[in-house]
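Mind having a look at this structure? Questions to follow.
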There are 2 protein chains.
Amino acid sequence: MRGLDDTDRGIVRLLLEDARRPFSDIAEEVGLSAPAVSDRVDRLQEMGIVRGFTLDLDRSLLRAGVPVLVEIDAEPGRAAAVRDGLADADAVEHVFRTADGRVTVTATVPQAEVSDLLDAHVDLNDVDSYEVRLVADSEWTPGLGTAEFAPECAECGNTVDEEGERTVLDGDSYYFCCGSCESRFVDHYESLKEGA
Amino acid sequence: MRGLDDTDRGIVRLLLEDARRPFSDIAEEVGLSAPAVSDRVDRLQEMGIVRGFTLDLDRSLLRAGVPVLVEIDAEPGRAAAVRDGLADADAVEHVFRTADGRVTVTATVPQAEVSDLLDAHVDLNDVDSYEVRLVADSEWTPGLGTAEFAPECAECGNTVDEEGERTVLDGDSYYFCCGSCESRFVDHYESLKEGA
DNA sequence: CCTGAAACGCCTCCGTT
DNA sequence: AACGGAGGCGTTTCAGG
């Protein structure tokens with residue numbers, strides 16, 4: 001399995017600044033040809049590092065409701081469930097789950113009707129307590145630094161190094177630290193799929 | 001001044017899903033010609049609603065350090081200063097300032113060395129207390145809903161309606177609720193600029 | 001995995017409505 | 001404001017190393 005090299009990082013950095021920048025332009029910057037850049041972007045998408053191309057919107061200029069930041073203390077072990085419920089909600093923009101079992105959410109709701117939002121998308125038994133704060137402003141400055149590619153093994157959770165494997169299942173990439181983790185996961189995946 | 005119509009919202013929604021989608025494609029979806037879409041995207045950028053085109057990255061696959069969420073309670077009136085300092089930091093991705101004087105930041109730091117980050121970019125006299133949480137995972141689901149265009153007057157802070165004005169100063173758009181706010185702001189802006 | 005040429009498709013400028 | 005056509009780029013496919 002191949003990791004990220006400096007060329008990949010260069011491409012990502014340029015696309016973070018302007019995702020519509022011509023590949024031929026990027027090619028010149030990183031010292032490649034346009035087709036090579038196109039291939040690498042495809043690969044970055046396949047790897048799952050680049051999830052897609054989007055807009056950076058200034059939501060402070062838009063009135064779709066009240067922007068809020070909600071801090072939810074989940075019941076032990078239920079943070080992931082709370083996150084999953086909220087991530088699907090239309091009004092929700094960001095969901096951060098932290099290691100201490102808290103889920104921090106930013107959303108834009110009609111009239112600070114946060115309880116409705118939680119009611120509709122979260123099992124309230126999963127919630128210990130929550131706090132709502134009005135967002136005055138927010139900024140987003142995507143950067144990359146010297147990031148290395150280091151996914152977690154989908155089976156055992158260990159960090160996957162260059163010796164690892166990647167498998168594409170139903171369009172999504174999964175990473176494994178070794179062949180046995182891979183086959184174990186694939187078996188499990190397929191049996192679940194048959195059941196559904 | 002023109003606001004947002006359904007066609008604008010349609011264009012934004014499609015670009016949120018795929019910012020590299022051809023304008024000719026989008027044109028067909030919203031019932032316009034390609035040049036018309038191009039014009040509207042230009043206008044959306046001029047208005048400042050579309051800040052730019054970027055990538056949606058899955059940072060959980062990248063190891064650039066430890067992802068943290070920091071909650072900072074600023075001293076009274078100093079939240080904006082704390083936000084400004086942090087927004088410039090390389091490691092920082094999101095900054096949310098809430099109305100209660102708190103600044104919530106997400107960043108990726110070498111080894112959870114958050115105190116260094118604060119030290120370098122914030123006047124510690126502005127900080128009352130802070131708490132650091134390790135980010136386990138995060139999601140981003142950009143949506144738009146039925147958002148209306150409703151900027152604040154750069155001079156007096158009131159919401160700007162259809163009767164308002166827009167002025168471009170040094171490439172940035174500013175909005176005003178009325179002509180007198182506009183001229184007052186422009187005068188102030190120009191005198192500040194001469195002084196610098 | 002990359003390059004270079006060539007075909008195709010897309011974007012944007014312009015004249016027009 | 002938006003359309004349609006024309007010209008000029010940008011992207012992608014393909015053969016070759």
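Lettering follows sequence order; numbering is per chain, from 1.
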What is the distance, to the nearest angstrom, from the CG atom on A/L15 to the C1' atom on D/dG10?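 About 14 Å, once rounded to whole Å.
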Atom CD of B/Q45: over 12 foreign heavy atoms under 6.0 Å: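 Check passes, neighbour count above 12.
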Base, sugar-phosphate, or nothing: which does A/R40 touch, judged by heavy atoms less than 4.0 Å apart?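 Sugar-phosphate contact only - A/R40 comes under 4.0 Å of backbone atoms but never of a base.
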As a test of reading the structure: which of C/dT3, D/dT11, C/dC11 is closest to the side chain of B/S24, going by heavy atoms?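 Nearest listed nucleotide: C/dC11.
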For B/D25 and C/dT12, what is the distance between atoms CG and C1' respectively, to the nearest whole Å?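 Distance check: B/D25 CG to C/dT12 C1' gives 17 Å.
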Most 5' of A/R20 and A/S33 on DNA chain C, judged by nearest nucleotide: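 It is A/S33, whose closest nucleotide lies nearer the 5' terminus.
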In whole angstroms, how far is the P atom of C/dC1 from the CG atom of A/L32?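 That distance rounds to 12 Å.
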Which part of the nucleic acid, if any, lies within reach of A/R43 when heavy atoms closer than 4.0 Å are counted: base, sugar-phosphate only, or nothing?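 Result for A/R43 = nothing.
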Is the backbone N or O of B/A34 less than 3.5 Å from a side-chain atom of B/S24, with the two atoms forming a donor-acceptor pair by type?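 No: the side chain of B/S24 does not pair with the backbone of B/A34.
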Hey, can you tell me if A/H94 and B/H94 have their rings parallel, tilted or perpendicular (30° and 60° cut-offs)?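 Perpendicular.
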I need the CD-C1' distance between B/Q45 and C/dC11, as an integer number of Å.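 About 14 Å, once rounded to whole Å.
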Tell me the interatomic distance from B/D42, atom CG, to C/dC11, atom C1', rounded to whole angstroms.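 Distance, rounded to whole Å: 11 Å.
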Tell me whether the count of non-hydrogen atoms from other residues, nucleotides or ligands lying under 6.0 Å of CD in B/E152 goes above 12.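 Counting neighbours around CD of B/E152, 12 or fewer heavy atoms of other residues, nucleotides or ligands fall under 6.0 Å, so no.
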Rounded to whole Å, how long is the line connecting atom CG of B/D39 with atom P of C/dC11?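 Between P of C/dC11 and CG of B/D39: 13 Å.
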Strictly below 4.0 Å, N to O, side chains only: are B/E29 and B/R13 in salt-bridge contact?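 B/R13 and B/E29: not salt-bridged.
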Round to the nearest Å and state the distance from A/R21 atom CZ to D/dT11 atom P.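 Rounded to whole Å, this separation is 11 Å.
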A/P35 has a side chain; which of C/dC11, D/dT13, D/dG5 sits nearest to it?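 Between C/dC11, D/dT13, D/dG5, the one nearest the side chain of A/P35 would be D/dT13.
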Is any side-chain N or O of A/S38 closer than 4.0 Å to OP1 or OP2 of D/dT12?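 So the side chain of A/S38 is within the cut-off, an N or O lying under 4.0 Å from OP1 or OP2 of D/dT12.
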If you check every side-chain atom of B/A34, which of C/dC2, D/dA2, C/dT12 has the closest atom?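 In terms of side-chain proximity for B/A34, the closest of C/dC2, D/dA2, C/dT12 is C/dT12.
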Under 4.0 angstrom, heavy atoms only, what part of the nucleic acid is A/P22 near: base, sugar-phosphate, or nothing?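 A/P22: backbone/sugar contact only, no base atoms under 4.0 Å.
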Separation of C/dC1 P from A/D5 CG (nearest whole Å):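 Roughly 10 Å, once rounded to whole Å.
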